[in-house]
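The block underneath contains the structure these notes are about, expressed in structure tokens.
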Amino acid sequence: MDRLRISGGARLEGSIRISGAKNAALPAMAAALLTARDVELGNLPMVRDIDTFRRLLSGLGADVAVGGDHTARISASAIASCEAPYDVVKTMRASVLVLGPLLARMGEARVSLPGGCAIGARPIDLHIKGLRQMGAEVHTEHGYVEARAARLEGAEIVFDRITVTGTANLMMAAVLASGRTTLRNAASEPEVRDLADLLNRMGARIHGAGGSTIVVDGVDELGGGAHTIMPDRIETGTFLVAAAITGGRLELTHTDPSLLASPIEKLRQAGVRIESGRDRVTACGAAAPAAVDIETHEYPGFATDMQAQFMALATQAQGTSVITENIFENRFMHASELVRMGADIKVDGSRAIVKGPVRLGGANVLASDLRASASLVLAGLVAEGETVIDRVYHLDRGYERIEEKLGGVGASIERLT
Ligand code: EPU
């Protein structure tokens, strides 16, 4: 199993090209199941989750050609199987995104229940409830969700709580349903809007995506389409924190800073100088960052996917930072690893109190999920001595060539295979 070795202390300086957003690319790949025509995707991040999704689609009978230039051509002209098996779903919860498209196009779908994961229970009850409201018969048996519907019917759906993949799943189900579906209390994450842009290009009639009410007028069939995946706002935010924590200066290109208003505001409060352009952003770290409180919320609030990275930064800030996690019940697994590196963090339910600044010392650490791993990389960049991060496959799920990108701006980081 690969590990990353980081020698801390280098001030990062230079430019990094941001990749396409994993969490926009996965639903876009799922959307290709809705049509017999080709779907072409550009700016696809070359990360492990994309490869896992490619295997999932191939298993369903789709032809997926991933190019070396961050493109993919997906042809689901014939669907041979309507089942997302346990083996794949257990490694990547986003596999559940095939449920809506398969049911809408084929009239049936069988998807392994994802179960819990390192950051919490993560049920899919709201996906199921919505599909039932659209007329589907849904059973859960032997660890699988089995759904059937001759043709889905438009419905008024009010989400009990905001769910990103739940919104994407029901939006994809609704595009081929008869009549109008209205999704209320929908996720307004930019990745949902990116998916709607692709679907509309394929002939869907979706209005309001990116807001909390989405209206979908069903059509009989969809055509093909070409789409460029939006930039990864979480990768961008992670590297902004890398500049902040090392007191360095990083320019991030091919991104969209308007999607990061909340973390950028927090960095400014911490004393980090941020200059934003249309498709680039530069962060210049302060010698002594100030402590700031963070509370995670759905978009446009502070993203839960940036919480772990800010906790690493809080260990270097002057004063006490209170970090509140509102989206997932168990997303502080990185705290205990940061404490092993010398951090002063007390976790109390959904709150973590971080006192800084402390001198972190390199250690062997182990991460349990993608963003937790990112926070350990950031801590390793400022720790004294060597940090070895185990289970790098978590990072590889969502960060493209992170060691090359950070190495290119002055970090001392290498992959041990
Ligand atoms: N929830 C339910 N029932 C449901 C669905 C969700 O109770 O049917 C709860 C969840 O347990 C959670 C909350 O609602 O407490 C929000 O979950 P959501 O469904 O929005 O999360 P997700 O769609 O499974 C996506 C991202 C995550 C990101 C969250 C929140 C993808 C593939 N994943 O997950 O990204 O943290 O939204 O923004 O888009 C990551 O990239 O590292 C990652 C975990």
List, one per line, each side-chain donor-acceptor pair under 3.5 Å for residues 284-298, sequence neighbours excluded.
residue : atom : partner : partner atom : Å
Asp293  : OD1  : Val322  : N            : 2.8
Glu295  : OE2  : Asn326  : ND2          : 3.3
Thr296  : OG1  : Glu325  : OE2          : 3.3
Thr296  : OG1  : Asn326  : N            : 2.8

May I ask you to decide whether Asp305 forms a salt bridge with Arg331, counting only side-chain N to carboxylate O separations under 4.0 Å?
-> yes
Sorted by chain and number, sequence neighbours left out, salt bridge (charged side-chain N to carboxylate O under 4.0 Å, His left out) with Arg280 holds for Glu251
Residue list, side-chain contact (heavy atoms from CB on, under 4.5 Å) with Ser75, at least two apart or on another chain | Asp38, Asp63, Ser77
Where the side chain of Ser188 meets the backbone of Tyr299, is there a donor-acceptor pair that is under 3.5 Å apart?
-> yes
Ring pair (Phe, Tyr, Trp, His ring centres under 6.0 Å) contacts in which one or both residues fall within residues 325-361, not counting sequence neighbours = none
What pairs with Asp51 under side-chain contact (heavy atoms from CB on, under 4.5 Å), at least two apart in sequence or on another chain?
-> Arg54, Arg55
Check the pair Asp344 / Lys346 against side-chain contact (heavy atoms from CB on, under 4.5 Å), numbers first and verdict last.
-> CA-CA 7 Å; Asp344 180 348; Lys346 301 257 178 315; 3.7 Å; yes
Thr304 side chain to Ile327 backbone, donor-acceptor under 3.5 Å = no
Spell out, as yes or no, whether a donor-acceptor pair under 3.5 Å connects the side chain of Arg233 to the backbone of Ala303.
-> no
Please list, one pair per line, the donor and acceptor atoms closer than 3.5 Å that link side chains of residues 402-417 to other protein atoms, with sequence neighbours excluded.
residue : atom : partner : partner atom : Å
Glu403  : OE1  : Arg415  : NH2          : 3.2
Glu403  : OE2  : Arg415  : NE           : 2.8
Glu403  : OE2  : Arg415  : NH2          : 3.4
Glu404  : OE1  : Arg401  : NH1          : 3.0
Lys405  : NZ   : Arg17   : O            : 2.8
Lys405  : NZ   : Ser19   : OG           : 2.8
Lys405  : NZ   : Glu235  : OE2          : 2.7
Glu414  : OE2  : Arg5    : NE           : 3.1
Glu414  : OE2  : Arg5    : NH2          : 2.4
Arg415  : NH1  : Asp2    : OD2          : 2.9
Arg415  : NH1  : Asp396  : OD2          : 2.9
Arg415  : NH2  : Asp396  : OD1          : 2.8

Has Lys355 got more than 12 heavy atoms of other residues, nucleotides or ligands less than 6.0 Å from its NZ?
-> no
Does Tyr86 OH have over 12 foreign heavy atoms under 6.0 Å away?
-> no
With sequence neighbours left out, write down each residue that passes salt bridge (charged side-chain N to carboxylate O under 4.0 Å, His left out) with Glu386, or none if nothing qualifies.
-> none
Return yes if some donor-acceptor pair links the side-chain N/O of Arg397 with the main-chain N/O of Val47 below 3.5 Å, else return no.
-> no
For the pair Arg268 and Glu265, find out whether any cationic side-chain nitrogen is under 4.0 Å from an anionic carboxylate oxygen.
-> no
Apply side-chain contact (heavy atoms from CB on, under 4.5 Å) to Ala24 and list each qualifying residue two or more places apart in sequence or on a separate chain.
-> Ala21, Glu191, Asp194, Ile229, Met230
Which pairs with one or both residues in residues 357-376 pass side chain to side chain donor-acceptor pair (under 3.5 Å), sequence neighbours excluded?
-> Arg359-Glu384, Arg371-Tyr399
Ignoring hydrogens and angles, tell me if any N or O in the side chain of Asn200 forms a donor-acceptor pair with the backbone of Ile206 under 3.5 Å.
-> yes
Residues in salt bridge (charged side-chain N to carboxylate O under 4.0 Å, His left out) with Glu275, at least two apart?
-> none
For Glu221, which residues count as a side-chain contact (heavy atoms from CB on, under 4.5 Å) partner, sequence neighbours excluded?
-> none
May I ask you to decide if Val88's main-chain N or O and Thr91's side chain share a donor-acceptor pair within less than 3.5 Å?
-> yes
Applying salt bridge (charged side-chain N to carboxylate O under 4.0 Å, His left out) to Arg11 and not counting sequence neighbours gives Glu13
With no hydrogens and no angle check, is any side-chain donor or acceptor of Asn169 less than 3.5 Å from a backbone partner on Val96?
-> yes
Are there more than 12 heavy atoms of other residues, nucleotides or ligands under 6.0 Å from atom CZ of Arg201?
-> yes
